Amino acid sequence: MNTQLFALAMFDGVAYAALVFMVAVGLTLIFGVLRILNVAHGSFYAIGAYIAASVGGAIFAAGFSPWLAYPLLFIAAGLVGIVLGAPIERFLLRRIYVKEEALQLLVTFAVFMILEDVQRLVWGVQPYFESTALRQLGNVEVLGVNYTSYQLILLPMVALVVLFGLRLFLRRTLSGKLILAVTEDREAATAIGVDADRVYLLTFVVGASLAAFGGTLASATTSVVPGMGADMIVLSFAVAATAGLGQIEGAALAALLIGLGRSFAVYLVPEIEVLVPYLIMLIVLLVRPEGLFGVIKTRKI
């Protein structure tokens, strides 16, 4: 592998890792607080991508400024989190928090299947593609490789901002400290006056918005097609399991590890490109069953 191919594989891996991290960190945040594996998380990613691509295509065709592509990414993600995520948590998930894990998994899988059909009903089966945000930033040449600034600079920067923003939010703000208190011991937090239901709702909306934000960012780099949510949720589970469920900082490193592994496989051994993320997860879990950054906790009975 020459220098240019190595650089290209690195750039592809970092850009892909940034997108996967956006979805995986929302998944691991929800699990860390609500203790529920949300299979429907992949649908938030897909719906965010569909909204960004379809609405973006419509407003730019109408002659609006192409620079509106960037605020549209944030607006679409927030809409998914509030309009879709909040009702799901309030009227459905809140009823199954005390149920068995298998039932929780089945319920969120049912929501995922329903939302997959809703996507086909609303947007059909034809692919959508809206690359205005990608084209607006142009290209940059690094190590002899001409690469898009959107993927090389913007995506990693957004991922870093989300990572450090979540850290500051959870550790320095009142809302963040309330989330940590409920995560540590819901009963004790409730006893001192914390509204655990509101904390759960806030956490789920933020997690769903992060997944949708990953989808809106991805919509500028790839075609939006049916089934993309299923692919992403499986990969996000791999990242979360590799890092250790509930580990936000670990999700960033696991996403980078899996993103680079997948990217180098594309250039070196494309036959196993799809398997590489799961091989990495398997190797990590064989050595550390709790994940790279997970900790073993005593189960309450």
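Because the structure is predicted, anything quoted here is derived from the model rather than measured.
Between Ile233 and Leu27, some side-chain heavy-atom pair lies under the 4.5 Å cut-off.
Within a 6.0 Å radius of CZ in Phe169, other residues, nucleotides and ligands contribute more than 12 heavy atoms. The number of heavy atoms from other shown groups lying within 6.0 Å of OH (Tyr128) is above 12.
By the criterion of side-chain heavy atoms lying less than 4.5 angstrom apart, applied directly or through intervening Ile, Leu, Val, Met, Phe, Trp or Tyr residues, Val276 is grouped together with Val269 in one hydrophobic cluster. In terms of hydrophobic clustering, with Ile, Leu, Val, Met, Phe, Trp and Tyr side chains grouped at heavy-atom distances under 4.5 Å, Ile258 and Leu282 are assigned to different clusters. Clustering ILVMFWY residues whenever any of their side-chain heavy atoms sit less than 4.5 angstrom apart, transitively, puts Leu166 in a cluster other than the one holding Val205.
When all heavy atoms of Val98 and Gln104 are compared, the pair lying nearest together is N-NE2, 4.5 Å. Closest approach of Val23 and Gly214 over heavy atoms only: CG2-CA, 4.4 Å. Nearest heavy atoms, Leu180 versus Leu170: CD1-O, 3.1 Å. When all heavy atoms of Phe91 and Arg95 are compared, the pair lying nearest together is O-NE, 2.9 Å. Residues Thr216 and Gly48 approach most closely at CG2-O, 3.2 Å, considering heavy atoms. Counting all heavy atoms, side chain and backbone alike, Leu202 lies closest to Ser175 at CD2-CB, 4.3 Å.
Sorted by first and then second residue, the pairs that involve residues 39-54 and meet side-chain hydrogen bond (donor to acceptor under 3.5 Å, both in side chains), not counting sequence neighbours, are Ser54-Trp123.
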Enumerate, atom names and distances included, each donor-acceptor pair closer than 3.5 Å involving a side-chain atom of residues 69-83, sequence neighbours excluded.
residue : atom : partner : partner atom : Å
Tyr70   : OH   : Ala133  : O            : 2.6

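With Tyr147 as reference, Leu8 is the one residue of Asn139, Val142, Leu8, Ile153 to meet the side chain to side chain contact (heavy atoms under 4.5 Å, CB included) rule. In summary, of the residues considered (Val33, Leu201, Leu29, Ile30), a side chain to side chain contact (heavy atoms under 4.5 Å, CB included) with Val206 occurs for Leu29 alone.
Scanning for ring pair (Phe, Tyr, Trp, His ring centres under 6.0 Å) contacts around Phe129 gives an empty result, with sequence neighbours left out. Taking the salt bridge (Lys or Arg N to Asp or Glu O under 4.0 Å) definition, one finds that Asp195 meets it with Arg198, sequence neighbours left out. Qualifying salt bridge (Lys or Arg N to Asp or Glu O under 4.0 Å) partners for Glu273, counting only residues two or more places apart in sequence or in other chains: Arg262. Glu130 pairs by the salt bridge (Lys or Arg N to Asp or Glu O under 4.0 Å) definition with nothing, not counting sequence neighbours.
Between Tyr267 and Phe6, the distance separating the two ring centers is not shorter than 6.0 angstrom.
Using modelled atom types, one finds no donor on one side chain facing an acceptor on the other under 3.5 Å when comparing Thr190 with Glu187.
Expressed to the nearest 0.5 Å, how far CG of Leu235 lies from CE of Met281 amounts to 10.0 Å.
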